[in-house]
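To find a chain, count down the sequence lines: A is the first, B the second, and so on, and within it residues start at 1. Worth knowing before you read on, the calculation uses all heavy atoms, side chains too, and leaves out hydrogens, waters and symmetry mates.
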Amino acid sequence: MIRVRDLSIGYGRTAIQRHLDFDVERGDIFLILGGSGCGKSTLLKTMIGLLPPLAGSVEIEGGSKGGAPRFGVLFQSGALFGSMTVGENVALPLRSWTDLEDEDIHTIVRWKLRLVGLDGFENHLPAEISGGMKKRAGIARAMALENDLLFLDEPSAGLDPISAVELDDLILTLNAELGVTTIIVTHELASIFKIGKTCIMLEGDAKGIIGRGDPRELRDHSSDPRIHGFFNRKATGVT
Amino acid sequence: MWHRAGGGGIVTPVGEPFEIEEVAVGPTGNHVRVAGQLTVEHVGRLREELERVIRIPSSTRIDLSGVERLDGGAAAVLAESWSRAMMGGAAVAFEGARGSVAAVLDLYTDRLARECLRPPPARIGIFEQVGRATNDIFERCIEILEFLGQVMLATFAFLRRPRSLNWPDVGRLMERHGADGLPITLTIAFLIGSITAYQAALQLKQFGADIFVGDLVSLSLTRELAPLMTAIVIAGRSGAAIAAEIGTMRVSEEIDALETLGLCPYRFLVFPRVFAVVLVLPVLTLLADVVGIFGGLLIAISQLEVSTTGYLLSVQAALDPGDVIGGLLKACVFGAILSMQACERGMATRGGAEGVGRSTTSAVVATLFLIVVADAIFTVLFDLLGI
C-alpha cells in the first residue's frame, strides 16, 4: 500500500536517515521503531507529505476521494485546534468533506468520542482537558473520515495503562475488521508486541534501518546488540 | 466511492448502496431487514429509515445478515438508534450480523456510556458575567501589582550584582528590538518631519514667517512627535513580539520549566527585555529627532525660500538641551511601559494558540493607550516644572 524507495530524510541539507527502502502492505500494522532523535517522526512527516524528502520517493496506493484527505493522522501532541471544542475538532473533517446533516455529524462525533473514552467532552476546549485526553480526541479526529490508512505518532504515550490497552484493542479491531492499514511510531514495548505485525527499526548513528520484520522475531532472534538492547531495555554501549 | 460536487468540497453519495425493508409488523414489534453497504456517506438516509421503522415503545428486530460492509460512521448511527430506543423504553435487537459487520457493531454498542466527571462549561447569566468581570478587574490589578513587585525585585537584584545579568542576551535583545527596528523608525521620523514642515509651510508662508519652520519642526519633533511615534512603532513591532514570545513560552510550559530549575522568570526573561527596550528607545528617539529635522530641512529648502544655513540656525536657536533631554526621558518611560506591558501580558497568557493571540493584541492596545496617557501626564508635568 505504501512504497518507500531510497528515501533520505532530514532538515535542510542535514540527512537524519538515508537510503530507506521498505513496503507497507495493505492491512498491516506497521511500526517505526528506534531510539529518541533517530528520525522516526521525521520519517512519518515525510511519508504524509509534510516534509519534502531529501532524496528518494514515497508512493501511497490509491487516490484521494474528491480532494478529501487520503489518510488520518494523529500527531504526538494531539494537535487539536485550541479555538474549537473537542467535538468541533472531530466534526471538522466531516463538515469539510461530507455533506452530512448536523444531526448525523453530531451522532458520529459523540460515538467516536465514546469509542476513545471521551464521553461528554464534546463541549470542552482542548485547554480544559489533559494531554492524554487530547491524544484520544486526536485519534477520534483521525478516524472521522473512515480512511483505510492511519498514521499514528506515539499514540499510547501519556495514556494511563487502561486507556493504552483500550487503544491497542481499538487499533487491532479497526485493522482486523475494517482493514485499516496503520503506521505507528511508538516506544511502548507492550504495544509493540501486542499490535505490531511488521516493523522497521531505525538507528541514529547508522542513519538507516538496522532491523525489519516481526517485532517478536526480532526480539527473540536478532543478534544485533542494538536491537536486543532496545527490546530488552538494556543500554548496549554501542554508539 | 466519494466524489466532489461543485466547488464547495462537498462529498455526495453515489447510488443507493443499501435497502431497509419491514419484513413483518406486529402488535409486539416489527422485524426489519437491512442489506447492502452501510457507510458514512449514507448515514443521513440510514438515520431517517431507522427512525421510520423503529416504533417506540414496540420492540424491533433488525436483521443485518444482508449487510456486506459496515464502517464506523454507520455503526455510530446504528448504535445511536439502539441507544435512543432503549432510553424510550423500546427494545432493539441486532441479529444476523457476521464477520467484520458484527465486530464493528460490537465495537460501538459494547461501549457503555461513561459518566463525564467534568461537566461542560455552563452558560452564565448577565449578572454573573458582570460579577465575574468585576472580579477579574480586581484580580488583574493584583496580578499587575505582583508583576511590578517582581520586576522591582529583579531590578534590585541587578543593581546589587550587575554581572548576574545575561549581558550577551541583553545585547541580542537590543539588536532585535533596536537595530532591527531602525529602518522603519527612521522612515517614519523622516516622513513625520517632512509632513510637519509641509503643513507649517502652507501657513507660515501667508505671514512671511517662513524662517520659523525650523523652530516648529525641531520643537514638535524633539518634545513630542519623535518620542511618541518611536514608541508607537516599537510597541507594534517589539511589544507584540515580546508578548507572543513569552506567551508561547507560558503555554508550552517553558516558564514552568524555568521555575522548576530554580530560575526566576522575571530575572531571566522579563528584566533583560525591559532593560534592553529602555536602553534602545532613547537612542532610536534621538536618531528619529535628527532624521525628522532633516526631513523638515528638505521641505524647507524645496517649498519655502529658506536656506540650509537659515533652517539650521533657526533649529539651533529654538532648541534647548532641555527639550531634547525631556524627549529622551519620555522615551525611557515609554520604553519601560511598552516592555513591561508586553511582558506582563505574555506572563499572564492562558490557553493555547488563541490565548497567545489574545495576549499579543491586548499588549499592543493597552500599550498604545498607556503611552498616550503617559504623554499627557508628561505634558502637564513639564508645563508645571517650566521645562
Side-chain angles (χ1 to χ4, degrees), chain A residues 64-68 77 80-87 94-101 103-130 133-134 140 143-148 166 169-170 172-174 176-180, chain B residues 1-5 8-13 39-48 69-81 83-84 99-122 251-252 350-357:
Chain A
S64 163
K65 299 167 182 173
S77 62
L80 299 182
F81 303 113
S83 58
M84 298 179 181
T85 63
V86 170
L94 292 166
R95 289 196 197 289
S96 306
W97 295 107
T98 73
D99 58 356
L100 298 179
E101 301 281 335
E103 186 182 348
D104 298 321
I105 290 176
H106 184 66
T107 298
I108 293 171
V109 166
R110 190 139 45 85
W111 284 86
K112 293 281 180 204
L113 287 175
R114 180 175 288 191
L115 206 59
V116 295
L118 285 176
D119 288 323
F121 283 90
E122 289 106 301
N123 296 319
H124 286 73
L125 287 168
E128 296 165 347
I129 61 176
S130 72
M133 288 170 161
K134 281 181 195 160
M143 290 163 35
L145 283 178
E146 307 293 333
N147 293 114
D148 61 354
E166 284 180 350
D169 291 341
L170 177 64
L172 282 172
T173 307
L174 290 173
E177 309 305 341
L178 289 175
V180 176
Chain B
M1 163 107 185
W2 294 10
H3 70 81
R4 199 168 199 166
I10 296 170
V11 175
T12 52
T39 53
V40 68
E41 303 97 290
H42 309 282
V43 295
R45 190 166 81 82
L46 177 64
R47 172 180 48 79
E48 287 166 8
R69 176 174 157 74
L70 174 69
D71 73 9
V77 170
L78 285 178
E80 178 72 8
S81 306
S83 170
R84 280 192 186 170
S100 66
V101 174
V104 174
L105 188 63
D106 287 348
L107 186 67
Y108 280 78
T109 53
D110 282 355
R111 301 271 156 168
L112 295 173
R114 295 181 211 176
E115 191 184 354
C116 174
L117 298 176
R118 276 186 251 177
V251 299
S252 59
R350 297 286 179 275
E354 197 186 4
V356 175

Task: Exam field: side chain B:Ser83 to backbone B:Ala79, donor-acceptor pair closer than 3.5 Å - done: no

Open item on the list: Between A:Arg110, A:Glu122, A:Glu103, who has the most heavy-atom pairs with chain B when the cutoff is under 4.5 Å?
Closed with: A:Glu103

Open item on the list: Counting only non-hydrogen atoms closer than 4.5 Å, does B:Leu46 touch chain A with its backbone (N, CA, C, O), its side chain (CB onward), both, or neither?
Closed with: neither

Open item on the list: Shorter than 4.5 Å, heavy atoms on both sides: which option in B:Gly352, B:Gly357, B:Gly72, B:Ala103 has the most such pairs with chain A?
Closed with: B:Gly72

TODO: Any chance you could measure A:Leu115, atom CG, to A:Leu174, atom CG, to the nearest 0.5 Å?
DONE: 7.0 Å

TODO: Measure distances from B:Ala353 to the heavy atoms of chain A and classify the residue's part below 4.5 Å as side chain, backbone, both or neither.
DONE: neither

Open item on the list: Which residue in the set A:Lys134, A:Glu128, A:Met133 passes side chain to side chain contact (heavy atoms under 4.5 Å, CB included) when paired with A:Ser130?
Closed with: A:Met133

Task: Residue list, side chain to side chain contact (heavy atoms under 4.5 Å, CB included) with B:Ser100, at least two apart or on another chain - done: A:Glu177

Task: Ion pair check, A:Lys112 and A:Glu146, cut-off under 4.0 Å - done: yes

Task: B:Arg45 versus chain A, the contacting section by heavy-atom distance below 4.5 Å - done: neither

